[in-house]
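In what follows, a structure is listed as structure tokens, so that the remarks can point back to it.
Letters go in sequence order (proteins before strands), and every chain restarts at 1. Being a predicted model, the structure only gives us computed values, none of them experimental.
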Number of protein chains: 4
Amino acid sequence: MKAATRVIVTEGLSAPTATIAREAGVSSGSLFTYFDTKAELFNQLYLELKSGMAAAALEGIPAGGKFRDQMFHVWSNWMRWAVASPEKRRALAQLSVSDQMTAATRAGGNKAMKGLAELMERCRAKGALRDAPMAFVASIVNSMAEATMDFMVQDPTNAAKHCKAGFEALWRALN
Amino acid sequence: MKAATRVIVTEGLSAPTATIAREAGVSSGSLFTYFDTKAELFNQLYLELKSGMAAAALEGIPAGGKFRDQMFHVWSNWMRWAVASPEKRRALAQLSVSDQMTAATRAGGNKAMKGLAELMERCRAKGALRDAPMAFVASIVNSMAEATMDFMVQDPTNAAKHCKAGFEALWRALN
Amino acid sequence: MKAATRVIVTEGLSAPTATIAREAGVSSGSLFTYFDTKAELFNQLYLELKSGMAAAALEGIPAGGKFRDQMFHVWSNWMRWAVASPEKRRALAQLSVSDQMTAATRAGGNKAMKGLAELMERCRAKGALRDAPMAFVASIVNSMAEATMDFMVQDPTNAAKHCKAGFEALWRALN
Amino acid sequence: MKAATRVIVTEGLSAPTATIAREAGVSSGSLFTYFDTKAELFNQLYLELKSGMAAAALEGIPAGGKFRDQMFHVWSNWMRWAVASPEKRRALAQLSVSDQMTAATRAGGNKAMKGLAELMERCRAKGALRDAPMAFVASIVNSMAEATMDFMVQDPTNAAKHCKAGFEALWRALN
DNA sequence: CATGAATGAGCGTTCATTCAT
DNA sequence: GATGAATGAACGCTCATTCAT
């Protein structure tokens, strides 16, 4: 998985399986002992990365406190993961837009995001978009997160500032 | 171009050039009379689609009137283009994330978006994100547009409603 | 023909016919009005070049005089042609080893060389190789001519010297 | 290598790699496991054939004895190789005039011919062509060898006679 | 279970030749 | 007769996958 992540970042999804195997230090044949096809490897990797991202975001939510503070805690976790794992993030981005991801895999990805989704749902239900479908809100959250990550990575000195600005823009959009 | 757009939507960027040629009703060799390589075809198509999208968005901006109304006019144009040209939109999305797009092509794409970029800049300069980099704002605008388009397409009955809701969320985020 | 000669020198026999046509200032289709196939163009060019070479070699043979002097006159003509027409010589060399030359073309080439062949035959008949087949002698003459040409071209300052040395080596070989 | 040699003789250098692979009894893809490109296969084959030819020529030179006898021994070896390996000879001839041979390959070929070159140099230094460049002599030797080979192959009954006649003509030319 | 050579279908691209204008 | 766009067969090369060892 680690090898595949690295290779996807440098060579894209069209990288030969042999390259991934070499990067992982195994033979090209061994790869197919564990994954029936290249597509299956990618599907599993997608799930692993998405789950890892969700888990990182949900870590250590303050039990009490205001909802907005909880949300900001999650948002910060999420941004921190992105900054700390740029390769995982980029590989995940590539996998997300690939048409090799099966419906089952996408469903699994959503399941892994369940905890986050519930928080978003709470946002939606009591905010300005209370009449919009949940997926609309999720999409907005996702894309504002991506935009914020980009600028934290590009301008690391002001990462904390961008993190906060992104959150506040999102909060305004939703309330 | 039309054939390439259709084929990209159904088969992705890895579709054989022969398929595109057949869809266009020409021989496989003829394609290379007009485009030196597959990558060049994709680069030109990206520019064409991006320019078309930008032109559609900027059509008929009311000269006078409030800035917010002008923005909403552009936003509506943009959403209308997306709903009316789902294939173009999907092909453009795939091309946008492809690493086959050259720097020159991306630069050309940005140039085509210049009119839109200027409007966004006016939003940024006097709004809550006045201290954020322009590209941050552009990314937010883009992604909220994408989210809105998705839900207009998925739920066409309430398209006008989603269009308005998306715009308002964006406006809140920026002000 | 001139265009084909130039193109063969710079790009070899695998040069596209379109390149030859462009060099000749005609359309790619026109080429096939005058030559049914690429191979036919090459066969005709071979004949033209070979005939031109033979004619150049035989020009102005002194009627009387010693046989050796006549031979040297021809040899000098031949070398002069090679030095003056390096492109023709190189194109002819490439055509000569090509398997696209038909038997008829090769026969025609020999016919064009008839005058030279008769001189060689006189050499053979009264020299050391009088028992060897004529073609053996012809091959030796040809290849010593090629060797001499190479060094006249590479070292033009001493061209006359190389010309003479080559002739004398040949004369020794044959007598 | 053997398969490539055979195929080059029958179909020339433009033979499809698939034909060579089939002749070798392997799949078309396997060929590229061992040679990165068709050109590399040809370059390696050239070196192998040239080295083999040189080695055959230099085999068992009589240590003592007259220089002329040593030369004739080498000449005979050389001619014997040509008669025994007509396919190798023809493939080598085609490869030698191909512009796909790299400078490095030609340099390697010359290195393999070093032993022969030294003998030729001794001929040159004390013969009639002592003032001519070495490459001139080498070219003459080569081409008289080729002429002799041709006639040994065409008239095998008198092969030994042609071999001797060729050598003597060469010896006269050089002395 | 690990290995890595072998496989062969598939693709992008070229180019001799044709033919409607 | 000239043109040059169109044609499509052919080729070099790649790579996911298999399987004998």
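Counting 5' to 3', DNA chain F first comes under 4.0 angstrom of a heavy atom of chain C and last does so at the ends given by F:dG1 to F:dA5.
Closest of all the heavy-atom pairs between A:Lys38 and A:Phe32 is N-CE2, 4.2 Å. Taking both residues in full, the closest heavy atoms of C:Glu11 and C:Ala15 are given as CB-CB, 3.7 Å, listed atom of the first, atom of the second, then distance.
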Under 3.5 Å, side-chain donor or acceptor atoms of residues 16-23 of chain A against the rest of the protein: list the pairs with distances, not counting sequence neighbours.
from, atom 1, to, atom 2, distance (Å)
A:Glu23, OE2, A:Arg6, NE, 2.6
A:Glu23, OE2, A:Arg6, NH2, 3.3

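No contact: C:Ala21 has no heavy atom under 4.0 Å from any strand.
Contacts of residues 23-41 of chain B with DNA chain F (heavy atom under 4.0 Å): B:Val26, B:Ser27, B:Ser28, B:Gly29, B:Ser30, B:Tyr34.
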Take D:Thr37 and D:Leu41 through the side-chain contact (heavy atoms from CB on, under 4.5 Å) test and state the conclusion after the steps.
-> CA-CA 7 Å; D:Thr37 61; D:Leu41 163 60; over 6 Å; no
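Between C:Thr105 and C:Thr102, the side chains place a donor N or O and an acceptor N or O closer than 3.5 Å (distance only, hydrogens not considered). In this model, no donor atom of one side chain and acceptor atom of the other lie less than 3.5 Å apart for D:Thr33 and D:Ser30.
Although no hydrogens or angles enter the test, the distance criterion places a donor-acceptor pair under 3.5 Å between the side chain of B:Ser51 and the main chain of B:Leu47. Not one N or O on the side chain of C:Ser85 forms a donor-acceptor pair closer than 3.5 Å with the backbone of C:Ala82.
The list of salt bridge (charged side-chain N to carboxylate O under 4.0 Å, His left out) pairs with a residue in residues 105-114 of chain C, not counting sequence neighbours, is empty.
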For DNA chain F, produce a single dot-bracket line, 5' to 3'. Pairs: Watson-Crick or G-U wobble, both distances under 3.5 Å. Symbols: ( ) within strand, [ ] crossing, | other strand, . unpaired.
-> .||||||||||||||||||||
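Taking the nucleotide of DNA chain F with the nearest heavy atom to each of D:Ser14 and A:Leu13, the more 5' of the two is matched to D:Ser14.
Remark: A:Glu146 pairs with A:Arg89 by the salt bridge (charged side-chain N to carboxylate O under 4.0 Å, His left out) rule, at least two apart or across chains.
Between the CZ atom of A:Arg22 and the P atom of E:dA2 there is a distance of 19 Å, given to the nearest Å.
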